[in-house]
Asker: 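My structure is below; once you've seen it, I'll send some questions.
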Amino acid sequence: MSNTPAERPSVLFVCVHNAGRSQMAAAFLTHLAGDAVEVRSAGSAPADTVNPAVVEAMREAGIDISAESPKILTTEAVRASDVVITMGCGDTCPVFPGKTYLDWTLDDPAGQGVDAVRPIRDEISRRVRGLLADLGVTG
């Protein structure tokens, strides 16, 4: 499959549990970019469910992620993505040539209440908006 400028960029967000940071980032990118960007998220050791405080914090931002579920990181997901954004998954993320890798250092919302999740959510929102600008996608 060849990459042409007409193809929409694909972004994969990865954190350990795929229950917080990567879910919020994927939800913001989907919300802001719509169909202009293909969005995936995954975890190197996915949790059973999305963090309830994360669901609540996103609900406050007008985005419902209550139906989302953590997904296991696969090499296929990485291979199919143009940009891979890691959030504390360390060396467990497979690396392929020709991909753009970014590492976003963010506090882990695991075990935190909604008050602690809000600033993480807001920082992810800022970074996703910057990513959209870098991709040349207007949201």
Side-chain angles (χ1 to χ4, degrees):
M1 187 170 99
S2 65
N3 280 344
T4 63
E7 288 182 4
R8 62 189 183 145
S10 58
V11 177
L12 170 64
F13 294 102
V14 181
C15 65
V16 175
H17 301 300
N18 191 221
R21 294 166 289 186
S22 56
Q23 289 282 352
M24 287 190 281
F28 274 123
L29 186 54
T30 300
H31 180 74
L32 294 167
D35 291 337
V37 178
E38 185 177 2
V39 182
R40 296 179 182 85
S41 73
S44 52
D48 293 329
T49 60
V50 175
N51 180 334
V54 167
V55 172
E56 178 58 30
M58 291 302 288
R59 186 175 291 122
E60 292 174 0
I63 301 173
D64 182 6
I65 63 168
S66 61
E68 295 297 324
S69 60
K71 293 167 279 305
I72 186 73
L73 176 65
T74 64
T75 54
E76 290 77 25
V78 176
R79 195 175 286 121
S81 301
D82 300 312
V83 179
V84 179
I85 299 175
T86 58
M87 303 170 175
C89 74
D91 296 332
T92 60
C93 298
V95 174
F96 292 98
K99 308 291 178 194
T100 299
Y101 289 88
L102 302 172
D103 186 52
W104 290 359
T105 304
L106 298 158
D107 290 336
D108 188 347
Q112 303 290 321
V114 72
D115 288 343
V117 172
R118 285 184 190 112
I120 302 168
R121 172 201 66 200
D122 295 345
E123 177 62 21
I124 289 172
S125 176
R126 278 190 293 277
R127 291 183 188 207
V128 165
R129 289 170 197 277
L131 175 66
L132 280 171
D134 291 345
L135 293 173
V137 175
T138 54

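Any value given below was found using the heavy atoms of this structure, including those in side chains, with hydrogens, waters and symmetry copies removed.
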Asker: Taking only distance into account, with no hydrogens and no angle test, what donor-acceptor pairs under 3.5 Å do side-chain atoms of residues 28-38 form with protein atoms, sequence neighbours excluded?
Answerer:
residue: Thr30; atom: OG1; partner: Ala26; partner atom: O; Å: 2.9
residue: Glu38; atom: OE2; partner: Arg40; partner atom: NH2; Å: 2.8

Asker: What are the two closest heavy atoms between Gly43 and Pro46, and how far apart are they?
Answerer: O-CD, 3.5 Å

Asker: Going through the checks in order, is the side chain to side chain contact (heavy atoms under 4.5 Å, CB included) test met by Leu131 and Ile85?
Answerer: CA-CA 10 Å; Leu131 175 66; Ile85 299 175; 3.6 Å; yes

Asker: So do the side chains of Pro70 and Val50 get within less than 4.5 Å of each other, counting heavy atoms only?
Answerer: yes

Asker: State which residue, out of Val39, Leu73, Val83, fulfils the side-chain contact (heavy atoms from CB on, under 4.5 Å) condition with Leu12.
Answerer: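 Going through Val39, Leu73, Val83 one by one, the side-chain contact (heavy atoms from CB on, under 4.5 Å) with Leu12 is satisfied by Leu73 alone.
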
Asker: Can Phe96 and Val84 be said to form a side chain to side chain contact (heavy atoms under 4.5 Å, CB included), step by step?
Answerer: CA-CA 10 Å; Phe96 292 98; Val84 179; over 6 Å; no

Asker: Of all the heavy-atom pairs spanning Ser66 and Arg59, show the shortest one and how long it is.
Answerer: CB-NH2, 4.1 Å

Asker: Does one side chain, of Ser125 or Arg121, offer a donor that lies under 3.5 Å from an acceptor on the other?
Answerer: no

Asker: Of all residues at least two apart in sequence or in a different chain, which pass the side chain to side chain contact (heavy atoms under 4.5 Å, CB included) check with Lys71?
Answerer: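 Lys71 satisfies side chain to side chain contact (heavy atoms under 4.5 Å, CB included) with Asn18, Gln23, Ser41, Glu68 once adjacent residues are dropped.
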
Asker: CE of Met58 to CG of Asp64: how many Å apart, nearest 0.5 Å?
Answerer: 9.5 Å

Asker: Please set out all donor-acceptor pairs under 3.5 angstrom arising from side-chain atoms of residues 104-117, sequence neighbours excluded.
Answerer:
residue: Asp108; atom: OD1; partner: Ala110; partner atom: N; Å: 2.9
residue: Asp115; atom: OD1; partner: Arg118; partner atom: NH1; Å: 2.4

Asker: Given 3.5 Å as the limit, does a donor-acceptor pair link the side chain of Ser81 with the main chain of Ser10, or not?
Answerer: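 Between the backbone of Ser10 and the side chain of Ser81 there is no qualifying donor-acceptor contact (under 3.5 Å).
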
Asker: Tell me whether Val16 shares a hydrophobic cluster with Ile72, the cluster being built from Ile, Leu, Val, Met, Phe, Trp, Tyr side chains joined at under 4.5 Å.
Answerer: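 Looking at the clustering, Ile72 is in a separate group from Val16.
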
Asker: Out of curiosity, Ile63 CD1 to Met24 CE, how far, rounded to the nearest 0.5 Å?
Answerer: 10.5 Å

Asker: Side-chain contact test, heavy atoms from C-beta onward, threshold under 4.5 Å: evaluate it for Val78 versus Tyr101 and give yes or no.
Answerer: yes

